[in-house]
Each structure stands twice: as structure tokens, then as C-alpha cells.
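Side-chain atoms are counted along with the backbone in the values below, which use heavy atoms only and exclude waters and symmetry mates.
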Amino acid sequence: MAIRTILHYPDPRLRQVAQPVVAVDDEIRRLVDDMAETMYAAPGIGLAAVQIHVALRVVTIDLSEARNALQVFINPEILQHDGKQVFEEGCLSVPGIYDEVERAQHIRLRALNRDGQPFELEANGLFATCIQHEIDHLDGRVFVDYLSRLKQTRIRKKLEKQERLTM
């Protein structure tokens with residue numbers, strides 16, 4: 001396992017649309033392990049492969065307090081969504097920035113697990129928001145895309161300035 005570098009907004013590589021995983025093999029399982037280690041070290045509650053510059057449809061999520069309930073979603077697909085809810089979101093690719101985003105309150109999802117076995121699940125509340133946030137990454141979207149142009153510009157400038165100061 002290895003901790004990978006997380007891309008930061010407005011890096012154009014975050015706009016890359018991830019491709020489906022053709023086969024869940026040892027290479028994909030190593031990717032999942034690296035993603036989990038990277039997510040926990042950051043620390044975060046979710047990570048999409050696109051965020052570490054791997055254009056494959058793989059997501060890791062762990063909402064547990066103890067950080068011991070890793071969930072893996074390979075080729076996730078939202079089958080149904082309903083209701084509306086607003087949560088304050090943050091993102092490992094947009095460090096230090098938080099804002100409210102409206103998303104579906106309830107979703108039904110289909111995906112493959114770490115062993116390549118298909119499954120479906122229903123999610124509500126924060127879990128549903130987290131899944132939608134990570135799937136957005138797989139589709140080349142970042143949560144700031146839901147904000148006004150003015151907020152997006154301010155965030156971009158702030159993060160670009162921080163990047164310059166750390167170089």
C-alpha cells in the first residue's frame with residue numbers, strides 16, 4: 001500500500017471522466033488499498049480514483065468514527081434518486097473550503113465490491129451525499145461546480161495563491 005498524491009482544484013486532471021473498470025483484479029485491489037490509505041491519511045471520508053490521477057471508476061468511503069468500515073464502489077451507478085437535502089461539503093481536492101450543496105436525499109446504487117461481486121444498496125443522508133459527491137468526481141465534476149461563478153472564482157484564486165506560497 002502507498003499514500004498517493006491528491007490533486008487539488010483547479011487542476012484540469014480533476015475534469016477527466018473516469019472509465020469503467022473492465023476486470024477487478026490484483027491491480028485494482030492494490031489501487032483500492034492505496035486509495036484507502038490515502039483517504040485515511042488525508043484524513044477524509046471519501047476518495048475517487050480521479051483525485052489521485054487514475055481515470056477509473058473506483059470510489060472508497062468510510063463514514064465510521066473508528067475508521068474501520070471501508071466501503072468500496074467499483075463502477076458505481078445511481079439507479080434511483082429522490083428527495084432533496086443540503087449538507088455542508090468539503091473535499092480533499094479543495095482543501096479548507098466548505099459550502100452547502102443540494103443533492104438527492106435518498107439514492108439506490110449498483111456497483112461492484114473489492115472482489116468484483118455486484119451489489120445494490122440504498123443510502124440516505126450523509127452517506128447518500130458522500131456517494132453522489134464521489135460519483136461526481138468520476139464524471140469530472142467537483143463540488144464547487146454547484147456554487148456561484150463568483151464563489152468558484154474566489155476559491156480558485158485562494159487555492160492558486162496557497163499553491164504558489166507552498167512552492
Side-chain angles (χ1 to χ4, degrees), residues 1 4 6-7 9 11 13-95 97-147:
M1 293 195 310
R4 307 262 192 117
I6 296 173
L7 301 176
Y9 178 84
D11 191 312
R13 295 173 291 181
L14 289 168
R15 301 298 182 183
Q16 190 170 15
V17 175
Q19 299 302 306
V21 171
V22 177
V24 178
D25 55 16
D26 287 343
E27 184 177 333
I28 295 299
R29 284 186 280 279
R30 269 192 301 281
L31 171 63
V32 166
D33 293 343
D34 288 355
M35 288 174 62
E37 187 171 355
T38 302
M39 178 184 73
Y40 290 134
I45 60 173
L47 188 69
V50 170
Q51 292 177 269
I52 59 168
H53 193 49
V54 176
L56 291 173
R57 297 189 74 79
V58 180
V59 167
T60 57
I61 294 174
D62 188 342
L63 299 178
S64 70
E65 291 284 326
R67 316 292 283 148
N68 62 356
L70 181 68
Q71 296 188 56
V72 176
F73 303 89
I74 298 170
N75 298 336
E77 176 186 2
I78 295 176
L79 304 173
Q80 179 184 356
H81 58 86
D82 56 63
K84 291 183 181 177
Q85 65 182 353
V86 175
F87 272 104
E88 183 177 73
E89 294 187 25
C91 180
L92 295 175
S93 290
V94 191
I97 305 296
Y98 301 89
D99 213 318
E100 292 185 340
V101 176
E102 182 179 289
R103 296 189 186 270
Q105 181 179 19
H106 172 263
I107 63 170
R108 191 164 58 86
L109 169 93
R110 175 177 36 224
L112 302 175
N113 68 16
R114 187 180 190 282
D115 297 318
Q117 298 301 311
F119 68 95
E120 289 188 14
L121 68 76
E122 294 193 22
N124 295 292
L126 177 61
F127 189 31
T129 290
C130 191
I131 291 169
Q132 292 169 84
H133 176 111
E134 299 307 333
I135 289 175
D136 272 355
H137 279 299
L138 301 180
D139 295 332
R141 289 190 301 266
V142 182
F143 90 94
V144 298
D145 296 347
Y146 292 92
L147 307 178

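A donor-acceptor pair is defined here as one N or O able to donate and one able to accept, closer than 3.5 Å; such a pair exists between the side chain of Asn75 and the backbone of Val21. The main-chain N or O of Arg13 is found under 3.5 Å from a side-chain atom of Asp11 such that the two form a donor-acceptor pair. Between the side chain of Glu37 and the main chain of Asp33, no donor-acceptor pair closer than 3.5 Å is present. Distance alone, capped at 3.5 Å, is enough to place a donor-acceptor pair between the Ser93 side chain and the Leu7 backbone. Judged by distance alone, with hydrogens and angles left aside, the side-chain atoms of Glu102 form no donor-acceptor pair with the main-chain N or O of Gln85 at under 3.5 Å. Between the side chain of Asp145 and the backbone N or O of Val142, at least one donor-acceptor pair lies under 3.5 Å.
With contacts defined as side-chain heavy-atom distances shorter than 4.5 Å, the pair Arg103/Val86 does not qualify. Looking at Ile61 and Ile131, their side chains come closer than 4.5 Å, going by heavy atoms from C-beta outward. The shortest side-chain heavy-atom distance between Val32 and Glu27 does not fall under the 4.5 Å cut-off. Two residues are said to be in side-chain contact when any heavy atoms from C-beta on lie closer than 4.5 Å; Ile74 and Asn113 fail this criterion. Using a 4.5 Å heavy-atom threshold, the side chains of Leu121 and Phe119 count as touching. Residues Ile45 and Cys130 have side chains in contact (heavy-atom distance under 4.5 Å, counting atoms from C-beta outward). By the 4.5 Å heavy-atom criterion applied to side chains, Met39 and Met35 are not counted as neighbours. In this structure, Leu109 and Glu77 have side chains that are not in contact, with every pair of non-hydrogen atoms separated by 4.5 Å or more.
The side chain to side chain contact (heavy atoms under 4.5 Å, CB included) check on Val17 picks up nothing, with sequence neighbours excluded.
Between Arg108 and Asp82 no salt bridge is recorded (no basic side-chain N to carboxylate O distance below 4.0 Å).
Closest non-hydrogen pair, Leu147 versus Glu100, comes out as CD2-O, 3.8 Å.
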Kindly indicate, with the supporting measurements, whether the criterion side-chain contact (heavy atoms from CB on, under 4.5 Å) is fulfilled by Leu31 and Val54. CA-CA 9 Å; Leu31 171 63; Val54 176; 3.9 Å; yes
Arg4/His53 under side-chain contact (heavy atoms from CB on, under 4.5 Å): CA gap, chis, key distance, verdict: CA-CA 9 Å; Arg4 307 262 192 117; His53 193 49; over 6 Å; no
Gln71 vs Asp62, side-chain contact (heavy atoms from CB on, under 4.5 Å): CA-CA, chis, key distance, verdict: CA-CA 6 Å; Gln71 296 188 56; Asp62 188 342; over 6 Å; no
Using the rule given for side-chain contact (heavy atoms from CB on, under 4.5 Å), can you reason through Ile97 versus Phe143, listing the C-alpha separation, both sets of side-chain angles and the distance that settles it, and then say yes or no? CA-CA 10 Å; Ile97 305 296; Phe143 90 94; 4.2 Å; yes
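Judged purely by distance below 3.5 Å, without hydrogens or angles, the side chains of Asp99 and Tyr146 never pair a donor atom with an acceptor atom. Between Glu89 and Thr129, the side chains place no donor N or O within less than 3.5 Å of an acceptor N or O (distance only, hydrogens not considered).
Note that Arg57 lies outside the cation-pi zone of Phe73, set by a 6.0 Å cut-off to the ring centre and a 45° limit from the axis.
Going from atom CD1 of Ile28 over to atom CG of Asp115 covers 13.0 Å, rounded to the nearest 0.5 Å.
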